[in-house]
2 protein chains.
Amino acid sequence: MPIRMKDIAKDLNVSVGTVSKVLRGHADISLETRERVLRRVKELNYRPNLTARSLVTGRTYMVGLVVPDLLHPFFAQIAEGVARRVHPKGYNVVLFPSNEDAELEVEGIESLLTHRVDGLVLASTLGPTQCDVFRRIDEQKVPYVLVDREIPGLQANFVGTDNERVGVLVTEHLIQRGNRRIAHIRGPELSTASGRLTGYVNTMSRFGLPIRSGYIVNAAVTDVRGEEYGFRGMQQLLAVDPRPDAVFCYNDLIAYGALQAALRAGIKVPGDISFIGVSNLPYSEMLRVPLSTVDQDSQAIGDRAAKLLLRRMESNNSFRPTRIFVPARLIVRDSSALCPGAEEASHAAWEAMQSRV
Amino acid sequence: MPIRMKDIAKDLNVSVGTVSKVLRGHADISLETRERVLRRVKELNYRPNLTARSLVTGRTYMVGLVVPDLLHPFFAQIAEGVARRVHPKGYNVVLFPSNEDAELEVEGIESLLTHRVDGLVLASTLGPTQCDVFRRIDEQKVPYVLVDREIPGLQANFVGTDNERVGVLVTEHLIQRGNRRIAHIRGPELSTASGRLTGYVNTMSRFGLPIRSGYIVNAAVTDVRGEEYGFRGMQQLLAVDPRPDAVFCYNDLIAYGALQAALRAGIKVPGDISFIGVSNLPYSEMLRVPLSTVDQDSQAIGDRAAKLLLRRMESNNSFRPTRIFVPARLIVRDSSALCPGAEEASHAAWEAMQSRV
DNA sequence: TTGAAAGCGTTACCAA
DNA sequence: TTGGTAACGCTTTCAA
């Protein structure tokens with residue numbers, strides 16, 4: 001029923017090969033034939049059958065994209081970034097939301113491989129002990145780029161945030177604002193959480209500040225239900241003595257939950273306790289207390305990942321893996337604002353710290 | 001380089017056809033052959049070439065999904081709903097974010113058709129004058145389902161919200177809470193906005209309430225930058241005399257912008273003016289003033305759309321278009337709470353209205 | 001500049 | 001229960 005090259009060829013008394021060449025802009029076709037073919041293509045609204053083309057060229061012009069959770073604007077934005085970058089090059093994006101579930105993710109990747117995608121962008125939930133899939137991807141010679149989450153021990157292309165840097169940025173900010181008893185509600189067992197934790201720990205020690213017992217709260221098994229988890233985490237922190245004067249939260253959702261717990265306990269924010277998250281969710285600014293955070297520029301992460309993937313797909317030689325860090329930037333809002341009057345004190349303290357380092 | 005059926009056949013001294021049948025679970029294969037084949041398939045980690053299969057079967061096992069904006073959780077959730085429903089059936093989802101741009105959307109649909117998707121789910125930005133693409137989809141005999149937005153005059157499968165009902169629900173709620181001077185900040189030229197508007201207008205007139213001049217604000221050309229638009233819209237409303245005592249906003253983002261404008265003007269919410277939006281964005285509850293809204297159950301919309309599409313794809317006879325409305329539900333939060341003391345007054349007024357109708 | 005023909009990796013049909 | 005063979009709609013190579 002759909003129109004084929006054969007139909008056009010017959011109509012025009014040319015060969016199929018000629019039509020094929022015209023459609024792909026080959027030079028060795030007379031102007032006249034070319035125009036006749038193109039006219040007929042327009043008239044019939046002909047669309048080449050990409051599956052047939054793929055069968056012979058071995059390329060599908062599809063890239064697979066696996067994300068844990070589209071509802072998280074961070075990943076939605078990565079998806080948009082990837083799509084915007086690859087569409088002009090003629091690629092389509094096959095989306096697989098893994099729901100933060102390792103088994104489902106593996107199934108998804110297998111399914112994408114069976115569909116013969118030309119490349120993969122993966123925000124993976126998998127840990128270092130679950131890397132068999134990546135071997136299988138390599139076997140098929142399908143290039144892939146990890147985004148956001150790196151997998152320790154896996155040599156792979158990566159585009160994302162320097163999470164240790166994030167931890168440093170945030171902790172320095174809190175210290176500079178005069179906080180000394182800084183706690184951390186950490187995230188799940190992923191490179192993102194461990195990086196942020198490391199940055200925090202290192203910075204605290206660099207400034208000679210103690211991390212008291214109970215100041216690192218850890219209960220998140222996964223990346224979902226962050227708000228609830230932040231709420232409970234903060235309840236734990238409120239029971240610690242001495243009480244923290246600032247809480248660095250793994251992400252904005254956790255920070256929001258923690259903030260809630262604090263407000264409900266009658267604590268003033270800012271003033272008594274400062275809060276800061278990571279992600280810069282679109283609504284973090286609209287909250288009861290606008291939330292300080294770190295913006296990771298997720299659209300750029302998607303864009304860079306796609307760019308890197310395109311390079312890998314276009315050239316068939318294999319390079320060694322590339323790591324790209326997209327700069328993150330601190331966004332200071334009310335939740336970590338200075339307590340009134342604390343400015344000079346804080347400034348002096350900061351100076352002292354700096355010289356001490 | 002990748003393994004083919006031919007390789008397996010040769011290894012086992014059987015024919016390619018036999019292997020093919022085993023892989024698709026045909027009954028007429030001896031147990032022994034079946035097991036030998038399956039063992040070898042496992043050993044070699046063989047993956048059938050779906051592009052080759054598609055070429056002969058004419059089915060790609062891909063569905064196209066066009067959404068205006070993934071960052072809007074409403075559409076992200078639709079995407080997840082679609083994906084969850086079709087994956088178990090072996091389909092993959094090809095995603096195309098149109099960025100709320102009609103021209104881009106058409107390109108996207110064309111691209112999906114060229115990739116030979118078996119069906120389409122479309123949250124379309126197109127208006128009644130831009131329906132040529134749909135004709136072209138029909139020509140290719142590709143079934144499609146519109147979601148969220150209907151196109152006047154286009155006979156097509158549809159899954160979404162009954163927006164007129166939403167308008168009624170919201171307006172009745174505001175009236176019941178004692179508001180009389182109810183204004184509306186409407187949305188862009190889409191079925192969603194006109195439905196909500198109609199529901200509002202009808203309900204006001206049903207209760208004998210006037211819609212004063214200037215009470216319907218309209219400036220949104222598109223669905224983006226809602227917050228800013230809501231802010232400006234509210235500024236207009238603040239200049240109207242008499243000032244509204246409630247504002248029904250096309251969606252949550254607009255409501256949030258409007259709320260901001262009101263608070264900034266020193267107005268008490270709730271108390272002086274009530275606000276309500278539509279969408280139930282995940283953060284609407286966390287706002288400075290938790291926002292009343294209407295939940296549309298977007299995941300269910302995606303799910304039902306995919307279900308309907310699957311039915312259409314599995315059977316090759318064409319049915320007449322189906323329209324499915326997924327029930328929406330009012331969520332009352334602080335922004336439209338009753339003013340203290342207004343309860344009895346309001347109740348009496350409501351009774352009076354009801355009997356009057 | 002054009003045409004003919006051989007593949008690409010499957011499925012599907014018909015014989016054996 | 002199996003094998004052989006002709007499609008499927010394109011690209012690509014080689015000859016004309």
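Throughout, protein chains are lettered first and strands after them, A, B, ... in sequence-line order, and every chain is numbered starting at 1. Hydrogens, waters and symmetry mates are skipped; everything else that's a heavy atom, side chains included, is used.
- Counting heavy atoms of neighbouring residues, nucleotides and ligands inside a 6.0 Å radius, atom CD of B:Glu103 does not exceed 12 of them.
- At the heavy-atom level, B:Asp7 lies nowhere under 4.0 Å from the strands shown.
- The two atoms that bring A:Ser124 and A:Ile151 nearest to each other are OG-CD1, 4.0 Å, heavy atoms only.
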Quiz item: For nucleotides 8-16 of chain D, read 5' to 3', which letter fits each nucleotide if B means a protein heavy atom sits under 4.0 Å from the base, S means only the sugar-phosphate is that close, and - means neither?
Solution: BBBBB----
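- With a cutoff of under 4.0 Å to any heavy atom of chain A, the contacted region of DNA chain C is bounded 5' to 3' by C:dT1 to C:dG9.
- Residues B:Val63 and B:Tyr91 share a closest heavy-atom pair of CG1-CD2, 3.9 Å.
- Residues A:Asp148 and A:Thr192 come closest through the heavy atom pair O-CG2, 3.4 Å.
- Of the listed residues (A:Val159, A:Val145, A:Val147, A:Asn157), just one forms a side chain to side chain contact (heavy atoms under 4.5 Å, CB included) with A:Ile324, and that residue is A:Val159.
- Salt bridge annotation for A:Arg135-A:Asp132: absent, with no cationic side-chain nitrogen under 4.0 angstrom from a carboxylate oxygen.
- Take A:Tyr144 and apply the side-chain hydrogen bond (donor to acceptor under 3.5 Å, both in side chains) test, not counting sequence neighbours, and it matches no residue.
- Note on B:Ser54: nothing from the nucleic acid sits closer than 4.0 angstrom, heavy atoms only.
- You'll find the ring centres of B:Tyr61 and A:His115 outside the 6.0 Å limit.
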